[in-house]
Amino acid sequence: MTDMQAAAGAAAAGVRQPLLETRRLSVDFGGLKALDDLDLEIYEGEIVSVIGPNGAGKTTLFNAITATVESSDGDIVFEGQSLLGLDPNRVTSSGIARTFQNVRLFANMSVLENVMVSQHCRTKQHAFGALLYTKAFRQEEAEIRQRAEEILGFFGTRLVGYRMDQPAFTLSYANRRRLEIARAMATQPKLILLDEPVAGMNPVESAELTGLIGRLRDEWGFAIVVIEHDMGVVREVSDRVVVLDHGVKIAEGDYADVANDPQVIEAYLGKGAGDP
């Protein structure tokens with residue numbers, strides 16, 4: 001039975017199917033196991049935080065899902081289809097977008113252009129239409145611009161008005177973070193992976209972006225997986241928390257349960273940290 005047939009059977013039986021699933025996923029770097037037999041399920045409409053100490057395998061998980069590192073074993077299934085063997089562009093086209101720990105933008109492009117170019121994985125008019133500047137090409141470009149402006153408007157006054165025409169490198173650090181999320185939104189994903197979205201922000205900026213994460217789910221319908229070290233953010237946004245340590249899942253549940261788990265306390269603070 002194929003994954004698609006199994007999913008169809010489960011749907012007919014009323015069983016909720018994961019949007020994304022990793023099955024015994026492993027990633028090896030030489031003799032080092034960055035991920036070790038990881039089983040993870042993400043459902044539509046969920047916000048899941050992945051936490052753990054440095055070196056736990058969190059970013060490697062994102063890299064494996066988005067095909068920027070090769071899996072050593074196991075499978076990654078999105079909407080019933082394996083992602084193994086796809087290149088990063090095809091993973092994006094399938095409906096998964098991400099941001100990075102270190103912001104990656106087209107620094108010399110305008111804010112608006114950054115969001116417009118991110119939509120090209122969805123365009124139908126390619127080089128031929130652009131070369132001849134056909135009516136269909138012009139119409140599609142107008143739609144891309146309109147969608148980009150709508151996405152930027154989601155961030156309030158931060159990225160609209162005169163800022164839309166500014167080069168990305170002129171933005172503040174917090175606004176560059178917002179623009180990277182806007183670019184992810186522009187790919188029309190079903191799942192967004194946010195890698196430390198509030199890193200380097202002050203408390204006011206962090207609180208504002210925390211609210212935006214919830215709105216991404218509530219207003220736009222995205223499922224979201226967040227890697228975050230700020231436990232205040234994790235507590236506020238998460239439906240579920242997954243804890244990794246040395247590539248192994250050591251805990252999973254709501255924030256309160258995970259925060260009080262002895263294995264989690266030991267992973268973060270060292271053996272004996274939970275002892276009286």
Side-chain angles (χ1 to χ4, degrees), residues 2-4 6-7 17-44 46-52 54-106 114-115 117-124 126 177 179-197 199 216 220 222-228 242 244 246-249:
T2 66
D3 288 335
M4 288 296 288
Q17 290 298 299
L19 177 66
L20 175 78
E21 184 178 10
T22 69
R23 301 172 180 170
R24 302 191 59 126
L25 180 66
S26 295
V27 175
D28 298 342
F29 296 120
L32 173 67
K33 269 195 177 295
L35 292 176
D36 190 1
D37 281 349
L38 178 63
D39 290 329
L40 177 68
E41 295 180 346
I42 307 297
Y43 294 88
E44 289 186 12
E46 263 196 322
I47 301 177
V48 177
S49 290
V50 178
I51 67 172
N54 290 333
K58 303 180 299 294
T59 296
T60 299
L61 171 63
F62 277 17
N63 289 342
I65 293 169
T66 55
T68 55
V69 300
E70 187 175 348
S71 304
S72 307
D73 200 4
D75 202 359
I76 305 167
V77 177
F78 183 70
E79 292 195 306
Q81 297 278 5
S82 176
L83 299 179
L84 297 187
L86 300 186
D87 62 31
N89 288 335
R90 289 183 64 193
V91 172
T92 301
S93 297
S94 75
I96 299 175
R98 74 170 293 182
T99 66
F100 292 85
Q101 219 170 339
N102 300 310
V103 178
R104 300 185 185 183
L105 298 170
F106 296 113
N114 263 275
V115 182
V117 77
S118 298
Q119 298 179 56
H120 286 168
C121 65
R122 302 291 179 195
T123 56
K124 298 176 182 176
H126 299 298
R177 284 280 184 190
L179 180 55
E180 192 176 34
I181 294 173
R183 282 171 21 111
M185 295 168 67
T187 67
Q188 301 177 44
K190 293 186 177 180
L191 173 66
I192 297 181
L193 312 176
L194 300 176
D195 196 345
E196 297 193 35
L216 285 171
W220 290 73
F222 302 126
I224 301 169
V225 183
V226 183
I227 293 173
E228 189 50 67
V242 174
L244 301 183
H246 294 96
V248 176
K249 181 169 66 176

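If you're wondering where the values come from, they're calculated on a predicted model, not measured in any experiment.
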If you round to the nearest 0.5 Å, how far is [atom2] of [Y] from [atom1] of [X]?
X	Y	atom1	atom2	value
D75	E21	CG	CD	8.5 Å
L35	T22	CG	OG1	8.0 Å
I47	I224	CD1	CD1	4.5 Å

Nearest heavy-atom pair of [X] and [Y]: which atoms, and what distance?
X	Y	value
F100	R177	O-NH1, 3.1 Å
T66	V91	CA-CG1, 3.9 Å
A186	S118	CB-CB, 3.9 Å
L83	I65	CD1-O, 3.8 Å
A64	S71	CB-OG, 4.2 Å
N114	V117	O-CG1, 3.3 Å

Hey, are the side chains of [X] and [Y] touching, using non-hydrogen atoms and a 4.5 Å cut-off?
X	Y	result
V226	V48	no
R183	F106	yes
Q119	T187	no
V242	K249	yes
D73	R24	no
L194	I227	no

If the condition is side chain to side chain contact (heavy atoms under 4.5 Å, CB included), which residues does [X] pass it with, not counting sequence neighbours?
X	result
D87	N89, R90
A56	P53, K58, L244
L191	L19, L20, I42, F78, I96, L193, A223, V225
D28	K33, S72

Are any side-chain N or O atoms of [X] and backbone N or O atoms of [Y], one a donor and one an acceptor, separated by less than 3.5 Å?
X	Y	answer
T99	I181	no
S26	D37	yes
S82	L84	yes
E46	Y43	yes
D36	V248	no
E180	R104	yes

Is a donor from one side chain sitting under 3.5 angstrom from an acceptor on the other, for T68 and N63? yes
Could I get the full list of side-chain hydrogen bond (donor to acceptor under 3.5 Å, both in side chains) partners for D195, not counting sequence neighbours? T59
Taking salt bridge (charged side-chain N to carboxylate O under 4.0 Å, His left out) as the cut-off, I'd like each qualifying pair that reaches into residues 185-194, sequence neighbours left out, listed once. E79-K190
E44 atom CD, neighbour heavy-atom count above 12 within 6.0 Å: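 No.
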Please say whether more than 12 non-hydrogen atoms of neighbouring residues, nucleotides or ligands are located less than 6.0 Å from CD in E70. no
